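To start, the structure itself, in structure tokens.
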Amino acid sequence: MSKPYVVFGYGSLIWKPPPHVIEETPGFLKGYVRRFAQSSNDHRGTPEVSPIGPVTLIHIDEWNKFSSTDIFPHEDVVWGIAYTIAPVYAAETKTYLDYREKNGYSEATVDVWGLRDGEEVVIRPNVYVGQPDNPAFVGSEPYDKLAKHIWSHQGASGQNKDYLYKLSESIRRLAPESHDSHLFTLERMVRAIDAAEAQDFAVGNGAKKSLSLTVSNSG
């Protein structure tokens, strides 16, 4: 590759960008949704257990075929960062990303609306997406089931709930005025599970301590 390689990050690439970046352009997509609809047997799971882990992009018209009951507004937009890679490292970085995104993801080209020097620009970066026909695509799941799934699974890259938390926090920093209904609803539900589990743990420890004191005093 003799020209810069530009790739759009909308998941973990936002907080863990590719190497050899010479320019970052925050921007958003129109007509797409970001959904936890892709399973993972490497970063977010294992070959034996492939939980729903990372997010994927899907055009809203395509998503409607899988989720006719999606309650979230189409006004939501997908924010991310377009990374420009130095030409001398373009081929090397693409090889790195091909391996990193190997579990069901393929390259596509999309329009991204961004700002450079205060001016709106439209760029056409490459993006890795889990197309609906790839073997790892899961589709739509009920939110309570999906939240429990994310909360309870992990892989080589860590716990899936931490992926959700980092992505939510990254989007808030990137575009404070935006709202990603799918992402933030799952974050709220998973944090509620965290809080409930912490409370149950505290109550359980309190009961054990009380029992220990009772036994000790009776002796």
Side-chain angles (χ1 to χ4, degrees), residues 1-38 40 43 53-64 70 72-134 136-137 157 163-164 166-184:
M1 294 183 181
S2 58
K3 60 181 182 179
Y5 177 65
V6 185
V7 61
F8 183 71
Y10 60 91
S12 62
L13 281 175
I14 296 177
W15 71 85
K16 189 180 178 182
H20 310 303
V21 173
I22 59 175
E23 184 178 20
E24 297 183 10
T25 305
F28 62 90
L29 303 172
K30 298 178 181 179
Y32 286 83
V33 293
R34 173 175 28 219
R35 292 291 185 264
F36 281 87
Q38 187 81 353
S40 173
H43 296 296
V55 289
T56 187
L57 285 180
I58 183 168
H59 194 278
I60 187 62
D61 292 338
E62 193 70 22
W63 179 248
N64 285 339
D70 196 318
F72 296 129
H74 292 184
E75 289 79 11
D76 283 5
V77 295
V78 178
W79 277 87
I81 300 176
Y83 298 102
T84 301
I85 311 300
V88 66
Y89 295 112
E92 174 187 326
T93 302
K94 185 181 182 309
T95 299
Y96 159 80
L97 289 171
D98 285 346
Y99 181 80
R100 177 170 165 176
E101 308 293 340
K102 66 183 183 298
N103 187 197
Y105 289 88
S106 56
E107 269 194 296
T109 304
V110 293
D111 288 333
V112 172
W113 281 258
L115 286 177
R116 283 179 179 163
D117 301 323
E119 297 291 330
E120 185 176 88
V121 295
V122 179
I123 55 180
R124 286 185 57 78
N126 296 291
V127 62
Y128 286 84
V129 296
Q131 301 285 1
D133 59 354
N134 88 84
F137 187 78
S157 295
Y163 173 98
L164 169 64
K166 287 179 182 178
L167 181 55
S168 299
E169 292 163 4
S170 297
I171 295 302
R172 288 193 181 95
R173 287 196 300 267
L174 186 62
E177 73 283 2
S178 74
H179 189 75
D180 188 315
S181 302
H182 176 85
L183 183 64
F184 296 157

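Computed over heavy atoms, backbone and side chain alike; hydrogens, waters and symmetry mates excluded. Note that the structure is a prediction, hence the values are computed from the model and not measured.
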**OP:** Begin with the C-alpha distance, continue with both residues' side-chain angles, and end with the deciding distance and a verdict on side-chain contact (heavy atoms from CB on, under 4.5 Å) for Phe36 and Leu164.
**Re:** CA-CA 9 Å; Phe36 281 87; Leu164 169 64; 3.8 Å; yes
Rounded to the nearest 0.5 Å, how far does [atom2] of [Y] lie from [atom1] of [X]?
X	Y	atom1	atom2	answer
Ile85	Lys94	CD1	NZ	12.5 Å
Trp113	Lys30	CH2	NZ	4.5 Å
Ile81	Glu24	CD1	CD	5.0 Å
Thr95	Arg100	OG1	CZ	14.5 Å
Asp133	Ser106	CG	OG	7.5 Å

Original post:
Judged by atom type as modelled, is there a donor-acceptor pair below 3.5 Å linking the side chain of Arg34 to the main-chain atoms of Tyr10?
Top reply: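 Answer holds: yes.
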Quick one: closest heavy-atom pair of [X] and [Y], and the distance?
X	Y	result
Val55	Tyr105	O-OH, 2.7 Å
Pro18	Leu13	CD-CD2, 3.7 Å
Tyr83	Ile14	OH-O, 3.3 Å
Pro19	Thr93	O-OG1, 3.7 Å
Ile22	Ala86	CG2-CB, 3.7 Å
Phe137	Gly130	CD1-O, 3.8 Å

**OP:** Decide side-chain contact (heavy atoms from CB on, under 4.5 Å) for Arg116 and Glu23; before the verdict, give the C-alpha distance in whole Å, the side-chain angles of both, and the deciding distance to 0.1 Å.
**Re:** CA-CA 10 Å; Arg116 283 179 179 163; Glu23 184 178 20; 3.5 Å; yes
Original post:
Given Leu29 and Val112, is the side-chain contact (heavy atoms from CB on, under 4.5 Å) satisfied, shown in steps?
Top reply: CA-CA 5 Å; Leu29 303 172; Val112 172; 3.4 Å; yes
Original post:
What's the verdict on side-chain contact (heavy atoms from CB on, under 4.5 Å) for Leu115 and Glu120, showing C-alpha distance, side-chain angles and the deciding distance?
Top reply: CA-CA 5 Å; Leu115 286 177; Glu120 185 176 88; 4.1 Å; yes
Original post:
Are Asp98 and Tyr128 close enough, and set up right, to give a side-chain hydrogen bond (donor to acceptor under 3.5 Å, both in side chains), and what steps lead you there?
Top reply: CA-CA 9 Å; Asp98 285 346; Tyr128 286 84; 2.6 Å; yes
Heavy-atom check, side chain of [X] versus side chain of [Y], under 4.5 Å:
X	Y	value
Glu177	Trp79	yes
Asn134	Gln38	yes
Ile123	Phe8	no

Original post:
Residues in side chain to side chain contact (heavy atoms under 4.5 Å, CB included) with Glu119, at least two apart?
Top reply: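 In terms of side chain to side chain contact (heavy atoms under 4.5 Å, CB included), with neighbours along the sequence ignored, Glu119 is linked to no residue.
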Original post:
Parallel, tilted or perpendicular: which fits the ring planes of Tyr32 and His59, with parallel below 30° and perpendicular above 60°?
Top reply: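 Because their plane-to-plane angle is over 60°, the rings of Tyr32 and His59 count as perpendicular.
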